[in-house]
Amino acid sequence: VGAGGSVIVTSKGDARIVASARTFNRLRGGTYGQFIPAIGAEEGVGAGDRALQILQLEESERFRSDIGIVELTGNPVVVEVTVLSPTALAAATMEIALKANEYRQLDGLLRNVGILTDNARVTLRVTSGSGRVGGYASVVDKRTGDPTYVPAQ
């Protein structure tokens, strides 16, 4: 309970690999969860690249948004995480240092920075280091616990 992480899949030579995962919670009546596709290093961003965008996030009485960030290449990075309100008048920025292959989940990020809205945007930008990062959000229904996956683009 409350555990998270990432899995690294490699091959000795060139190979076509397909990988995915499903995270889930067990309940008396069964399970519910979300499909999370693999993120390849080529899909991530590094220092000097454009920021990744995670769109249509919500923090309200009904929903919360958890943000996942992962280093993809085995090299440390510093990631600037910016939360923007729909009007872009309210913003919060923080820096997160990730070790090689580290995964971090930021639970209730919008609430924690004081942005309560139904249409926020989060950007992920690598400010230093030689690694590459990928990210996503889980928008979670607070009543049912049912999550929706939102990819960083």
Side-chain angles (χ1 to χ4, degrees), residues 1-9 17-46 49-73 76-127 129 131-153:
V1 175
S6 64
V7 175
I8 300 167
V9 179
I17 298 173
V18 176
S20 65
R22 179 179 178 268
T23 64
F24 63 92
N25 286 332
R26 289 189 198 275
L27 300 173
R28 282 183 240 147
T31 64
Y32 63 88
Q34 69 181 340
F35 169 79
I36 299 177
I39 302 171
E42 67 282 354
E43 298 170 81
V45 295
D49 291 342
R50 67 170 181 80
L52 289 172
Q53 309 281 324
I54 309 173
L55 306 174
Q56 295 182 309
L57 303 179
E58 182 169 349
E59 186 65 44
S60 66
E61 288 184 19
R62 180 93 195 268
F63 294 96
R64 77 168 192 273
S65 295
D66 299 335
I67 308 300
I69 308 168
V70 62
E71 195 291 312
L72 302 166
T73 62
V77 293
V78 175
V79 181
E80 179 185 80
V81 178
T82 302
V83 181
L84 296 156
S85 71
T87 61
L89 295 176
T93 301
M94 65 189 74
E95 284 196 335
I96 297 175
L98 293 178
K99 299 175 188 164
N101 301 313
E102 184 178 358
Y103 164 81
R104 187 92 52 94
Q105 181 167 308
L106 308 173
D107 293 335
L109 176 62
L110 280 65
R111 178 190 68 247
N112 291 335
V113 298
I115 295 178
L116 306 178
T117 182
D118 64 355
N119 190 19
R121 175 170 53 110
V122 169
T123 65
L124 307 174
R125 187 172 67 90
V126 175
T127 58
R132 297 180 68 77
V133 299
Y136 70 92
S138 292
V139 179
V140 181
D141 184 313
K142 290 180 181 179
R143 185 176 48 82
T144 66
D146 193 24
T148 299
Y149 176 81
V150 181
Q153 302 174 37

Looking at side-chain heavy atoms only, is the closest gap between [X] and [Y] below 4.5 Å?
X: Glu80; Y: Thr93; value: yes
X: Leu109; Y: Val122; value: yes
X: Leu124; Y: Ile54; value: yes
X: Val140; Y: Pro147; value: yes
X: Arg104; Y: Leu106; value: yes
X: Arg62; Y: Arg143; value: yes

Checklist entry - Thinking salt bridges, do Arg64 and Glu59 make one under a 4.0 Å N-O criterion? => result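 Salt bridge: no.
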
Checklist entry - Can Arg125 and Asp49 be counted as an ion pair, charged N to O under 4.0 angstrom? => result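 The answer is no: the pair does not qualify as a salt bridge.
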
Item to check | Any pair counted as ring pair (Phe, Tyr, Trp, His ring centres under 6.0 Å), so long as it reaches residues 132-153, sequence neighbours left out | outcome: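 For residues 132-153: Tyr136-Tyr149.
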
Testing the basics here: between [X] and [Y], what is the closest heavy-atom pair and its distance to 0.1 Å?
X: Gly134; Y: Leu52; answer: CA-CD1, 3.9 Å
X: Leu72; Y: Gly40; answer: CD1-O, 3.6 Å
X: Arg132; Y: Val77; answer: N-CG1, 4.0 Å
X: Ser65; Y: Leu57; answer: OG-CB, 3.6 Å
X: Gly108; Y: Asp66; answer: N-OD1, 2.8 Å

If only atom types and distance count, is the side chain of [X] paired as donor or acceptor with the main-chain N or O of [Y] below 3.5 Å?
X: Asp141; Y: Asp146; result: no
X: Arg121; Y: Leu55; result: no
X: Glu102; Y: Val70; result: no

Item to check | side-chain contact (heavy atoms from CB on, under 4.5 Å) partner of Val83, chosen from Val113, Thr123, Ile67 | outcome: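 By the side-chain contact (heavy atoms from CB on, under 4.5 Å) criterion, Val83 pairs with just one of Val113, Thr123, Ile67: Val113.
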
Checklist entry - Pick from Thr73, Ile96, Leu98: which one makes a side-chain contact (heavy atoms from CB on, under 4.5 Å) with Val133? => result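 Of all the options given, the one that passes is Leu98.
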
Item to check | Test log, rule salt bridge (charged side-chain N to carboxylate O under 4.0 Å, His left out), inputs Lys142 and Glu58 | outcome: CA-CA 11 Å; Lys142 290 180 181 179; Glu58 182 169 349; over 6 Å; no

Checklist entry - Of all residues at least two apart in sequence or in a different chain, which pass the side chain to side chain contact (heavy atoms under 4.5 Å, CB included) check with Gln56? => result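 Testing Gln56 for side chain to side chain contact (heavy atoms under 4.5 Å, CB included), a comparison that skips the adjacent residues, returns Asn119.
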
Checklist entry - So how far is it from Thr148 OG1 to Phe63 CZ, rounded to the nearest 0.5 Å? => result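 Going from the OG1 atom of Thr148 to the CZ atom of Phe63 covers 7.0 Å.
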
Item to check | Modelled atom types, side-chain donor and acceptor of Ser85 and Thr117, under 3.5 Å | outcome: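 Distance-only check fails for Ser85 and Thr117.
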
